[in-house]
Novice: 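This structure is in structure tokens; I'll ask about it shortly.
Atom set for the values below is all heavy atoms of this structure, side chains included, hydrogens, waters and symmetry mates excluded. The residues of the chain are indexed from 1 along the displayed sequence.
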Amino acid sequence: IDKKTGLPKIKAEYTDKIYKLLVENYMPLNNMASTLHQANDYENAAKCYDLCASLPFEPYLKGKIQEPADTIVGEIRFWQGVAYWQATKTKDALEAFKKAIKLGYTSKKEAFDYPLSCAVELKDYDEILNIAKAAIPFFGKQDTQYVGILINHYLYEKKFDLASQYLDQ
């Protein structure tokens with residue numbers, strides 16, 4: 001009986017063997033995601049990237065697989081987004097790209113351009129603004145499209161004071 005929940009503990013006969021197999025095959029799983037992607041099997045590549053990004057953080061594997069740094073997981077989520085995008089699963093792609101940015105995958109302009117493209121395709125105007133705002137500190141001076149998106153939005157909304165703040169940048 002589990003002391004915390006008071007419920008009976010159920011342990012499958014092969015649990016330890018399954019955990020061991022997951023741990024032993026984690027690195028090959030990373031390679032498999034890339035291989036599937038290169039083979040143009042985008043949907044399965046995206047699923048494989050999801051496993052690569054989430055498996056080390058599963059409670060049952062805590063301490064068994066080294067947890068990668070957020071930026072590494074962010075890059076995996078970015079490639080998951082690319083795979084979903086190539087599989088024309090735009091909404092799933094956008095969610096993966098947002099996770100990548102949240103995890104700190106922000107050093108490449110593509111980290112913002114891909115999700116921006118997805119948000120435009122989905123006509124998700126709030127998300128377009130969120131992505132543009134997130135991109136400005138990293139690439140606002142290098143690429144004016146992000147500032148332009150905000151200026152156009154604020155002009156359309158007749159929020160001229162906010163538009164002028166971005167014009168001054």
Novice: State whether Lys20 and Glu24 are salt-bridged, where the test is any N-O pair (Lys NZ or Arg NE/NH1/NH2 against Asp/Glu carboxylate O) under 4.0 Å.
Specialist: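 The answer is yes: the pair qualifies as a salt bridge.
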Novice: Closest heavy-atom contact between Cys52 and Ile76?
Specialist: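 Taking Cys52 first and Ile76 second, the nearest heavy atoms are CB-CG2, 4.1 Å.
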Novice: Side chains of Lys89 and Trp85: does their closest heavy-atom pair fall under 4.5 Å?
Specialist: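 No, their side chains stay 4.5 Å or more apart.
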Novice: Provide the closest heavy-atom pair for Ile151 versus Ala163 in the form atom of the first, atom of the second, distance.
Specialist: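 Where Ile151 meets Ala163 most closely, the heavy atoms are CG1-O, 3.9 Å.
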Novice: Closest approach of Ala93 and Gly81, non-hydrogen atoms and distance?
Specialist: CB-O, 3.4 Å
Novice: For a 4.5 angstrom cut-off between non-hydrogen side-chain atoms, does Lys98 reach Lys102?
Specialist: no
Novice: Could you report the tightest heavy-atom contact between Glu110 and Pro115, atom names first, then the distance?
Specialist: O-CD, 3.8 Å
Novice: Please step through side-chain contact (heavy atoms from CB on, under 4.5 Å) for the pair Leu61 and Lys64, ending with a clear verdict.
Specialist: CA-CA 5 Å; Leu61 291 175; Lys64 294 181 171 98; 4.2 Å; yes
Novice: Under a 4.5 Å side-chain heavy-atom rule over Ile, Leu, Val, Met, Phe, Trp and Tyr, are Leu29 and Tyr84 clustered together?
Specialist: no
Novice: May I have the step-by-step check of side chain to side chain donor-acceptor pair (under 3.5 Å) for His37 and Tyr49, ending in yes or no?
Specialist: CA-CA 10 Å; His37 203 151; Tyr49 285 126; 3.1 Å; yes
Novice: Kindly say whether Asn31 contributes a backbone atom to a donor-acceptor pair with the side chain of Ser34 at under 3.5 angstrom?
Specialist: no
Novice: With a 4.5 Å cut-off on side-chain heavy atoms, are Tyr125 and Glu127 touching?
Specialist: no
Novice: Are Gln145 and Asp113 close enough, and set up right, to give a side chain to side chain donor-acceptor pair (under 3.5 Å), and what steps lead you there?
Specialist: CA-CA 10 Å; Gln145 75 168 325; Asp113 289 346; 3.0 Å; yes
Novice: With the threshold set at 4.0 Å, does a side-chain nitrogen-carboxylate oxygen contact exist between Asp50 and Arg77?
Specialist: yes
Novice: Once rounded to the nearest 0.5 Å, what's the spacing between atom NZ of Lys141 and atom CG of Asp143?
Specialist: 13.5 Å
Novice: For the atom pair NZ (Lys99) and CD (Gln80), what is the distance rounded to the nearest 0.5 Å?
Specialist: 6.5 Å
Novice: CD/Glu75 to CG/Asp70 distance, rounded to the nearest 0.5 angstrom?
Specialist: 13.0 Å
Novice: Can you tell me how far CG of Asp124 sits from CG of Asn130, rounded to the nearest 0.5 angstrom?
Specialist: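 Answer rounded to 0.5 Å: 8.0 Å.
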Novice: Using 30° and 60° as the class boundaries, would you call the ring planes of Phe78 and Phe97 parallel, tilted or perpendicular?
Specialist: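 Plane angle between 30° and 60°, so tilted.
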Novice: Shortest non-hydrogen contact from Ile101 to Thr106?
Specialist: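 Reported closest heavy-atom pair: O-CG2, 4.0 Å.
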Novice: Does any non-hydrogen side-chain atom of Ile149 lie less than 4.5 Å from one of Leu116?
Specialist: yes
Novice: Measuring from Cys48:SG to Trp79:CH2, what's the distance to the nearest 0.5 Å?
Specialist: 15.0 Å
Novice: Crowded around Gln66 CD? As in, over 12 foreign heavy atoms under 6.0 Å?
Specialist: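 Counting other residues, nucleotides and ligands, CD of Gln66 stays at 12 neighbours or fewer.
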Novice: Can you tell me how far apart CE (Met32) and CG (Leu51) are? Round to the nearest 0.5 Å.
Specialist: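 Rounded to the nearest 0.5 Å, the CE-CG separation comes to 12.0 Å.
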Novice: On the 0 to 90° scale, with breaks at 30° and 60°, tag the Tyr146-Phe112 ring pair as parallel, tilted or perpendicular.
Specialist: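 Perpendicular, since the angle between the ring planes exceeds 60°.
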Novice: If hydrophobic clusters are built by linking Ile, Leu, Val, Met, Phe, Trp and Tyr wherever their side-chain heavy atoms come under 4.5 Å apart, do Met27 and Ile72 end up in the same one?
Specialist: no
Novice: Mind running side-chain contact (heavy atoms from CB on, under 4.5 Å) on Leu36 and Tyr42 for me, showing each step along the way?
Specialist: CA-CA 7 Å; Leu36 287 167; Tyr42 303 124; over 6 Å; no
Novice: Given the rule that I, L, V, M, F, W and Y join up when any side-chain heavy atoms are under 4.5 Å apart, are Tyr105 and Phe57 in one cluster?
Specialist: no
Novice: For atom NZ of Lys109, is the number of surrounding heavy atoms from other residues, nucleotides or ligands below 6.0 Å larger than 12?
Specialist: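 It does: Lys109 NZ has more than 12 such atoms within range.
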Novice: Are Phe138 and Tyr166 connected in the hydrophobic side-chain network, where two residues link if heavy atoms are under 4.5 Å apart?
Specialist: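 Yes, because Phe138 and Tyr166 connect within a single hydrophobic cluster, where side-chain heavy atoms sit under 4.5 Å apart.
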Novice: Leu22 and Ile65: which non-hydrogen atoms are nearest, and at how many Å?
Specialist: O-CD1, 4.3 Å
Novice: Is there a path from Val82 to Leu94 through hydrophobic residues (I, L, V, M, F, W, Y) whose side chains come within less than 4.5 Å of each other?
Specialist: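 No: no chain of side-chain contacts under 4.5 Å links Val82 to Leu94.
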